[in-house]
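The chain is numbered in sequence order, starting from 1.
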Amino acid sequence: MDLFVFLPLIILLAGFMFFASRRQKRAMQATIDLHESLRIGDRVHTTSGLQATITGITDDTVDLEIAPGVVTTWMKLAIRDRIEPETSDAEAAAVEQDTPDRERLTND
């Protein structure tokens, strides 16, 4: 009798734990993919907020140039994300302007 009272709570808790673990696994796989894709010359953010350029990579560490001539060694786990190069507003406007012309040419 007591089991039937707690059964909905147990099912709800099991479902929550299942979905939470899936989200955690997905986030961990994204981090692993990032660390495997790092290349020399990439701009990155560290977990402490530092922006740097990768100058060397080993299995567990990366050498980051934080200022001209200043290179420090960090664990790969400290890399939070890659900084993607920004496009200027003029380049973005040119791309948007070219797109309709390309579509028109392919539709003709």
Side-chain angles (χ1 to χ4, degrees):
M1 179 73 176
D2 291 335
L3 179 62
F4 292 116
V5 172
F6 290 110
L7 190 60
L9 181 60
I10 292 171
I11 292 172
L12 184 65
L13 183 61
F16 173 76
M17 291 179 68
F18 173 75
F19 287 113
S21 69
R22 282 187 49 190
R23 185 175 62 207
Q24 179 67 26
K25 285 179 186 177
R26 236 181 285 138
M28 186 56 127
Q29 188 59 46
T31 301
I32 290 169
D33 292 344
L34 170 69
H35 292 162
E36 290 176 351
S37 71
L38 293 175
R39 301 286 177 251
I40 292 176
D42 286 348
R43 296 273 304 154
V44 294
H45 282 128
T46 65
T47 54
S48 60
L50 183 72
Q51 293 184 14
T53 303
I54 298 176
T55 59
I57 302 174
T58 65
D59 287 340
D60 297 327
T61 63
V62 290
D63 294 330
L64 300 179
E65 184 174 33
I66 56 177
V70 180
V71 177
T72 59
T73 301
W74 293 67
M75 292 179 62
K76 270 189 179 178
L77 295 174
I79 304 300
R80 184 182 68 204
D81 60 5
R82 180 182 292 117
I83 301 172
E84 299 298 331
E86 294 180 12
T87 58
S88 69
D89 291 339
E91 290 175 7
V95 169
E96 288 177 13
Q97 203 171 33
D98 287 343
T99 303
D101 292 338
R102 282 189 226 150
E103 290 175 4
R104 190 186 63 210
L105 291 173
T106 58
N107 291 337
D108 289 341

message: Quick check: do I54 and R39 have side-chain heavy atoms less than 4.5 Å from each other?
response: no
field: Pairwise side chain to side chain donor-acceptor pair (under 3.5 Å) hits with a residue in residues 70-79, at least two apart
entry: D63-T73, T72-W74
query: Are L50 and L38 connected in the hydrophobic side-chain network, where two residues link if heavy atoms are under 4.5 Å apart?
result: yes
query: Given the rule that I, L, V, M, F, W and Y join up when any side-chain heavy atoms are under 4.5 Å apart, are I79 and I83 in one cluster?
result: no
query: Do the side chains of V44 and D81 get nearer than 4.5 Å, heavy atoms only?
result: no
message: Looking at every non-hydrogen atom in both residues, tell me the closest pair between L64 and A52 and how far apart they are.
response: CB-CB, 3.7 Å
- prompt: Between S37 and R82, which heavy-atom pair has the shortest distance, and what is it?
  reply: OG-NH2, 2.8 Å
message: If hydrophobic clusters are built from ILVMFWY residues whose side chains come within less than 4.5 Å, do M75 and L34 share one?
response: no
statement: Output for pair (I66 CD1, T53 OG1), nearest 0.5 Å, gives 11.0 Å
Can I get a per-line list of side-chain donor-acceptor pairs under 3.5 Å for residues 5-29, giving both atom names and the distance, sequence neighbours left out?
from	atom 1	to	atom 2	distance (Å)
S21	OG	M17	O	3.3
S21	OG	F18	O	2.8
Q29	NE2	D33	OD1	2.9

message: With clusters defined by side-chain heavy atoms of hydrophobic residues (ILVMFWY) lying less than 4.5 Å apart, directly or transitively, does L77 cluster with I32?
response: no
